[in-house]
Amino acid sequence: MLDGYLVQTCQKVSTTQDAYGDHFRSLSNVTLPCRFRDITMVRRGTHEETNDSDAMMWFAPDAEIERGTIILFEEKYYQIERITKARRLGETTVQFLKCDVKFFDTAIS
């Protein structure tokens, strides 16, 4: 559904973590079409719980991403915190994936 809007690209970064917690980037990354929006928001739910994100990204419904995936977009690393599978009302087909992402401030070598 959003194919015409997914005009930007990002890279899905594969990393490994050593015993000291350091992240190491693999040499092969997967390029994904996306839509990126830099936005800071705070959601308030029941009992005043908050969940804030640094940006939002949209992907095709078949994009191989999951919570915790590290994304490189315009030389900045982000980690996917939440994925919403968008469906039309009354349908079961996923139209696109909407993701809340946070800056990934851990160094990646």
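Considering CZ of F103 and OG of S53, their distance stands at 10.0 Å, rounded to 0.5 Å. Taking NZ of K12 as the reference point, atom SG of C34 lies at 14.0 Å (rounded to 0.5 Å). Distance check: D54 CG to D38 CG gives 8.0 Å after rounding to the nearest 0.5 Å. Distance check: L32 CG to L6 CG gives 10.0 Å after rounding to the nearest 0.5 Å.
For D62, the side chain to side chain contact (heavy atoms under 4.5 Å, CB included) partners are A60, not counting sequence neighbours. Residues passing the side chain to side chain contact (heavy atoms under 4.5 Å, CB included) test with T9 are T31, sequence neighbours excluded. In this structure, the side chain to side chain contact (heavy atoms under 4.5 Å, CB included) partners of V7, at least two apart in sequence or on a different chain, are R35.
Side-chain atoms of Q79 do not come within 3.5 Å of backbone N or O of K102 as any donor-acceptor pair. Judged purely by atom type and a 3.5 angstrom limit, R82 has no side-chain atom pairing as donor or acceptor with the backbone of C99.
Between F59 and I80, the closest heavy-atom pair is CE1-CD1, 4.4 Å. Nearest approach of V94 to R87, heavy atoms of both residues: CG2-NH2, 3.6 Å. The two atoms that bring E81 and R67 nearest to each other are O-NE, 2.9 Å, heavy atoms only. Nearest heavy atom pair, residue M57 against residue C10, reads CE-SG, 3.9 Å. In terms of heavy-atom proximity, L72 sits nearest to V13 at CB-CG2, 3.7 Å.
Taking the ring centroids of F96 and Y5, they lie at or beyond the 6.0 Å cut-off.
You'll find the side chain of I83 stays beyond 4.5 Å of the side chain of T69, heavy atoms only. Proximity of L97 to K85: side-chain heavy atoms (C-beta onward) are separated by under 4.5 Å at one or more points. The shortest distance between side-chain heavy atoms of V30 and Q11 does not fall below 4.5 Å. Under the 4.5 Å side-chain criterion, counting only non-hydrogen atoms from C-beta, I70 is in contact with T15.
Using the six-membered ring where Trp is involved, F36 and Y78 have ring planes that are tilted, between 30° and 60° apart.
No more than 12 heavy atoms of other residues, nucleotides or ligands shown are found within 6.0 angstrom of CD on E66.
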